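Since the structure is predicted, the reported quantities are computational estimates derived from the model, not experimental observations. Each chain gets a letter, A, B and so on, in the order its sequence line appears, and its residues count up from 1.
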There are 2 protein chains.
Amino acid sequence: MYTKKVLIVYAHQSSGSFNAAAKNAAVEVLTAQGCTVDVSDLYAMGFKATATAEDIKGEVKNAENFCYLEESKLAWEQGKLSADIMEEQSKLTEADLIIFQVLLDISDLFLSAPCCTNSSLPLQFPMYWFSVPAILKGWIDRVLTNGFAFSQEKRYSQGIFKDKKAMLSFTTGSLESMFSPTGINGDMNVTLWPLQNGILHYCGFQVLAPQIFWAPSSALAEDRKSMLESWRTRLQGLLEEKPLSFISLDCFDDKAFQLKPEVHEKHASKEFGLTVGIHLNKPLPPHSQMKAGC
Amino acid sequence: MYTKKVLIVYAHQSSGSFNAAAKNAAVEVLTAQGCTVDVSDLYAMGFKATATAEDIKGEVKNAENFCYLEESKLAWEQGKLSADIMEEQSKLTEADLIIFQVLLDISDLFLSAPCCTNSSLPLQFPMYWFSVPAILKGWIDRVLTNGFAFSQEKRYSQGIFKDKKAMLSFTTGSLESMFSPTGINGDMNVTLWPLQNGILHYCGFQVLAPQIFWAPSSALAEDRKSMLESWRTRLQGLLEEKPLSFISLDCFDDKAFQLKPEVHEKHASKEFGLTVGIHLNKPLPPHSQMKAGC
């Protein structure tokens with residue numbers, strides 16, 4: 001039995017969706033393991049997505065030339081962030097693992113009452129514009145405050161949340177083949193880089209491999225069921241999983257933040273680059289954003 | 001003199017920001033050329049960022065199992081989308097060029113009254129979590145409706161907006177060196193792929209090279225001025241610029257949406273992959289998301 005705390009940040013408008021089913025499975029399996037599971041159901045909460053001066057209680061420092069980065073940092077230091085942000089920050093501080101369960105896709109299948117069936121073709125649209133929906137982007141923009149979630153010194157492998165784990169769990173409308181290095185949407189590893197490196201790893205999180213539900217809307221009912229079953233199986237061992245690999249902060253110099261020459265040399269004869277982003281003008285390491293140990 | 005229509009979708013909270021100055025420069029130079037320039041100032045408009053059932057006027061088809069993709073498509077067909085969405089769609093329909101002018105960055109410099117100066121170090125934070133701020137993501141999620149902006153048949157090089165141009169114009173907090181293939185944030189071309197391919201090119205837009213203002217917050221006042229000057233110079237010829245290259249839709253088969261064997265073969269001996277996403281397990285083509293003709 002575990003005594004870990006898990007926060008699921010969940011973004012879907014409907015309780016009948018595949019995403020809801022995936023979220024419910026996570027709550028059920030992790031709770032049964034002894035975890036305390038908290039869910040931030042962003043649409044149900046009517047979570048405010050835009051970063052504005054209203055996020056700061058009382059007077060801001062410079063109303064005329066409002067700077068969100070600066071003002072929110074100050075408000076965080078002084079305990080003056082709005083109640084909704086402080087509540088989410090408190091949940092995040094408590095949590096050992098954060099799962100972002102989202103419709104990263106325009107289309108989604110409703111298990112009980114499929115709604116996206118007007119088209120005779122499967123709805124092969126890409127992820128939610130290759131990123132997270134605005135309501136989750138708003139959670140990221142507002143909750144991961146400067147000072148609370150990162151600082152100039154504490155980021156990447158030295159990040160504030162380096163003792164926590166985080167992962168993306170999402171559905172696609174597109175088939176897996178469409179998100180390959182030869183597919184029309186391009187390599188899924190490329191699309192995941194800004195999300196996993198630029199948000200999660202930037203704050204220091206150990207990033208677990210994403211849970212990708214490929215095109216449930218194009219799948220047979222039994223295949224959708226087995227997708228959920230395999231997620232339930234994975235959830236059993238989720239807390240023991242090794243995270244994805246990223247490059248340690250000390251591999252970079254501290255002026256131009258370039259790879260140090262010795263790291264460069266060490267990898268000169270290697271076939272692949274180090275990561276999707278830091279690829280040294282070599283082929284991308286296959287699956288580095290999708291599987292641990294790559 | 002031009003008679004083109006330009007829409008600037010602008011997302012910054014403050015009129016004293018560098019982004020405001022960049023937006024104002026675009027309005028001024030393009031208007032002087034005879035263009036009609038419209039600005040959607042998202043924060044000033046209090047633009048709603050989250051995609052919800054309230055975006056549909058009257059009753060939705062399936063309130064219990066609400067599916068945004070389906071319901072918004074239907075509402076668009078029946079003229080039942082909310083007034084704010086319809087207004088933006090009308091601006092977009094009219095426009096020949098759309099410029100997204102955004103603080104893609106957590107930090108931003110206020111030209112008249114620098115606000116982000118508490119730190120002794122320059123604020124080298126990455127783009128707005130390697131993506132657009134939530135309010136602009138909300139514009140994308142809500143305005144680029146299924147049917148209006150894309151369909152199963154009309155996307156990528158066959159996309160609905162193939163006769164229009166679009167581009168990103170943004171500031172970074174990070175230095176240029178940090179966004180290189182050997183820099184800590186990884187190659188900027190990778191970060192741009194989901195935005196430029198997954199949103200702009202997906203809808204068919206001819207994507208102009210991004211205007212990147214590298215780290216104005218770390219630059220001297222005179223360097224910031226010359227950044228704006230070079231933007232003004234570029235704006236003079238912007239409407240004549242060649243767009244970035246993407247792969248034509250007919251290079252992919254229409255089942256698995258994989259590159260056709262003949263395209264594969266043709267590029268077998270080439271040094272670089274075709275695009276950042278469709279890289280054929282080869283090195284990424286340098287600058288393909290940043291310069292035309294790459």
Contacting moiety of B:S180, where chain A heavy atoms sit under 4.5 Å: both
Contact leader toward chain B among A:L280, A:D253, A:T275, where contacts are heavy-atom pairs under 4.5 Å: A:L280
pair A:W129-B:S131: side-chain heavy atoms closer than 4.5 Å: no
NZ/A:K154: more than 12 non-hydrogen atoms of other groups inside 6.0 Å: no
B:H267 atom NE2, neighbour heavy-atom count above 12 within 6.0 Å: yes
B:Q13 side-chain N/O to A:A53 backbone N/O, donor-acceptor pair under 3.5 Å: no
Proximal component of B:N197, with respect to chain A [non-hydrogen, under 4.5 Å]: side chain
Largest heavy-atom contact set with chain B, pairs under 4.5 Å, which of A:I278, A:T52, A:V190: A:I278
Per-residue contact mode, B:L144 against chain A (heavy atom under 4.5 angstrom): both
Heavy atoms from other residues, nucleotides or ligands near NZ of A:K260 exceed 12 (cutoff 6.0 Å): yes
Side chain, backbone, both or neither of A:H264 within contact of chain B (heavy atoms, under 4.5 Å): side chain
Contacting region of B:F272 [heavy-atom separation from chain A under 4.5 Å]: neither
Residue, of A:L284, A:I135, A:D141, A:L259, that accumulates the most heavy atom pairs under 4.5 Å with chain B: A:D141
Chain B contacts, top residue of A:V276, A:L42, A:D187 (heavy-atom pairs, under 4.5 Å): A:D187
Heavy-atom pairs under 4.5 Å with chain B, option from A:A256, A:A49, A:G273 with the top count: A:A256
Residue pair B:P194 / A:P194: nearest heavy atoms and the distance that separates them: CG-CG, 4.0 Å
B:F130 side chain reached by A:L195 side chain, heavy atoms, under 4.5 Å: no
A:T182 vs B:L274 side-chain heavy atoms within contact, under 4.5 Å: no
Between CG on residue A:L175 and NZ on residue B:K255, distance to nearest 0.5 Å: 11.5 Å
side-chain contact (heavy atoms from CB on, under 4.5 Å) between A:I184 and B:L249, worked out: CA-CA 8 Å; A:I184 191 166; B:L249 191 65; 3.2 Å; yes
Heavy-atom side-chain contact between B:Y156 and A:N185 under 4.5 Å: yes
Winner by heavy-atom pair count (cut-off under 4.5 Å) against chain A, out of B:P286, B:P181, B:S177, B:G277: B:P181
